Number of protein chains: 2
Amino acid sequence: MFSKACEYGIKATIFIAVKSLHDQRVSLKEIAEEIDSPVAFTAKILQLLAKSGIVDSHKGPTGGFQMDRTGIDNVKVYDIVCAIDGDKIFNGCGLGLKHCDAEHPCPVHDKFIAIRDNLTTMLQKTSMFELATGLDIGLTQLKR
Amino acid sequence: MFSKACEYGIKATIFIAVKSLHDQRVSLKEIAEEIDSPVAFTAKILQLLAKSGIVDSHKGPTGGFQMDRTGIDNVKVYDIVCAIDGDKIFNGCGLGLKHCDAEHPCPVHDKFIAIRDNLTTMLQKTSMFELATGLDIGLTQLKR
DNA sequence: ATATAAAAAGACCTTTTTATCCTTAAATAA
DNA sequence: TTATTTAAGGATAAAAAGGTCTTTTTATAT
């Protein structure tokens, strides 16, 4: 569904949100440990998320990554997916056609619209706050 | 959503179904032309589809690919996706966790179940016959 | 039988994705 | 100010996906 980079990005952001709700900054190292991801690769992804304004980054001792409360409420899974994988999964044709629309549909066009719309809506509605609280109270996990 | 190989595989099978409904065998070359795909790469995918029993292949002059009427009715998009991409998209965790289930869910587990179930059901219900007739009467297209 | 036409098979190449390593820049604490 | 800590950035490597080329096998028509 998503690229590995995007999976790491979503997991990292959820963890940053959890820590931020406790007013804590987290370092790259802590994040990579928590989500069980390669450190250097995770660094690249966090760079991208920081550039996209999804997370804040700070250098130096006591530095790390953080989100403010507004971000935790407003950032949706959708935003992370768009930042890392682009919008191909939301807009692209199920069979990879470049010019597939209602006028010139591919054989699975209509069938995919419903699925795709469900996915888009779900990801647009799901905030970091929602996912972070589930993780914080031990309802969900990011490892294994 | 699907790999390029899988997209080609679905398109190729639909085209083979259309031609088979007219009692015609089609060659690799015709298929690749029709679905606008690289010939040699398409050959690999058709080999796999033939081994999986999704299409029949015949060597020699007048050879090519074909489906019988039973296959056209019974083969679902789901079967092609499983043969080429495996069942990861139907069973795998949305965040790539290896041990993600109702007992140990990832943060998006429940949200993905609905989407995934819709997708699975849709692909399990959609037969080659349905897609082939849409293409045959010019309602849908495989190119561009 | 033989030439021919087609798919099967295997070796190879290219691009993209995933991942690592090393250096640089910035911030903090002493 | 300086040592230290942390993210940013760039170069490189490994793995996977996508794609090509050549040879072999099989079937057909002549």
Side-chain angles (χ1 to χ4, degrees), chain A residues 1-13 15-16 19-20 24-33 35-67 81 83-86 88-89 92 95-96, chain B residues 1-13 15-16 19-20 24-33 35-67 81 83-86 88-89 92 95-96:
Chain A
M1 183 84 83
F2 306 131
S3 70
K4 221 93 186 48
C6 192
E7 290 176 1
Y8 293 147
I10 295 168
K11 289 193 263 191
T13 310
F15 181 59
I16 294 167
K19 290 297 187 176
S20 296
Q24 288 169 11
R25 241 180 226 158
V26 268
S27 70
L28 166 63
K29 204 182 144 201
E30 291 174 274
I31 295 169
E33 260 163 32
I35 71 175
D36 194 24
S37 65
V39 179
F41 189 47
T42 307
K44 303 287 178 193
I45 297 159
L46 287 168
Q47 260 178 60
L48 184 56
L49 292 175
K51 274 184 189 160
S52 309
I54 289 169
V55 302
D56 292 328
S57 75
H58 269 82
K59 291 182 179 180
T62 79
F65 299 87
Q66 207 169 12
M67 300 178 77
V81 174
I84 299 175
D85 283 351
K88 209 195 105 191
I89 193 168
L95 297 184
Chain B
M1 182 82 83
F2 306 130
S3 70
K4 222 88 183 63
C6 192
E7 290 176 2
Y8 293 147
I10 296 168
K11 289 193 263 193
T13 309
F15 181 58
I16 294 167
K19 288 298 189 177
S20 295
Q24 287 169 12
R25 240 177 226 163
V26 270
S27 70
L28 166 63
K29 205 181 144 201
E30 290 174 274
I31 294 169
E33 260 163 31
I35 71 175
D36 195 21
S37 65
V39 179
F41 190 45
T42 307
K44 302 285 179 193
I45 298 159
L46 286 168
Q47 259 178 62
L48 184 56
L49 293 174
K51 272 184 190 161
S52 307
I54 289 168
V55 301
D56 292 329
S57 74
H58 268 83
K59 291 183 179 179
T62 80
F65 299 88
Q66 207 170 11
M67 299 178 77
V81 174
I84 299 176
D85 282 351
K88 209 193 104 190
I89 193 169
L95 297 184

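Since we're looking at a predicted model, the values are computed, not measured. Here is how names work: the chains are called A, B, and so on, in the same order as the sequence lines, proteins then strands, and each is numbered from 1.
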- prompt: What's the verdict on side-chain contact (heavy atoms from CB on, under 4.5 Å) for Phe2(B) and Ile89(B), showing C-alpha distance, side-chain angles and the deciding distance?
  reply: CA-CA 8 Å; Phe2(B) 306 130; Ile89(B) 193 169; 4.1 Å; yes
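- Between Lys4(B) and dT17(C) there is no side-chain N or O to OP1 or OP2 distance below 4.0 Å.
- Taking 4.0 angstrom as the limit, Ser57(B) places a side-chain polar atom (N or O) nearer than this to OP1 or OP2 of dA8(C).
- Of the side-chain N and O atoms in Lys51(B), one or more sit less than 4.0 angstrom from OP1 or OP2 of dA9(C).
- Contacts of Lys44(B) with the nucleic acid, taken as non-hydrogen atoms under 4.0 Å apart, include base atoms.
- In this model, the phosphate group of dA7(D) is not approached by any side-chain N or O of Gln47(A) to a distance below 4.0 Å at OP1 or OP2.
- Between the P atom of dG18(D) and the CG atom of Asp85(B) lies a distance of 8 Å, rounded to the nearest Å.
- Of the residues listed (Val39(A), Val55(A), Leu46(A), Ile45(A)), the one engaging Ile31(A) in a side-chain contact (heavy atoms from CB on, under 4.5 Å) is Leu46(A), and it is the only one.
- For the pair Leu46(B) CG and dG19(D) P, the interatomic distance rounds to 14 Å; values are reported in whole Å.
- The shortest distance between the side-chain N/O atoms of Tyr8(A) and the OP1/OP2 oxygens of dA19(C) is below 4.0 Å.
- Mapping Phe41(B) and Arg25(B) onto DNA chain D by nearest heavy atom places Phe41(B) closer to the 5' end of the strand.
- Where Ser3(A) and Gly60(A) meet DNA chain C, the nucleotide closest to each residue was compared, and Ser3(A) sits on the side nearer the 5' end.
- We find that CD of Glu7(B) is positioned 9 Å from P of dG18(D), with the value rounded to whole Å.
- In this structure, the CG atom of Leu28(B) is 14 Å from the C1' atom of dC21(D), given to the nearest Å.
- If Phe65(B) and Ala5(A) are placed on DNA chain C by their nearest nucleotide, the residue sitting closer to the 5' end is Phe65(B).
- Rounded to an integer number of Å, the gap from CG of Leu48(A) to P of dT18(C) is 13 Å.
- When atom types are taken as modelled, the side chain of Asp56(B) and the backbone of Met67(B) share no donor-acceptor pair closer than 3.5 angstrom.
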query: Is there a side-chain contact (heavy atoms from CB on, under 4.5 Å) between His58(A) and Arg25(A) once you walk through the steps?
result: CA-CA 9 Å; His58(A) 269 82; Arg25(A) 241 180 226 158; 3.4 Å; yes
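- For the pair Lys11(B) (side chain) and Leu95(A) (backbone), a donor-acceptor distance under 3.5 Å is present.
- Of the candidates dA5(C), dA7(D), dA6(C), dA6(C) carries the atom nearest the Ser27(B) side chain, counting heavy atoms from C-beta on.
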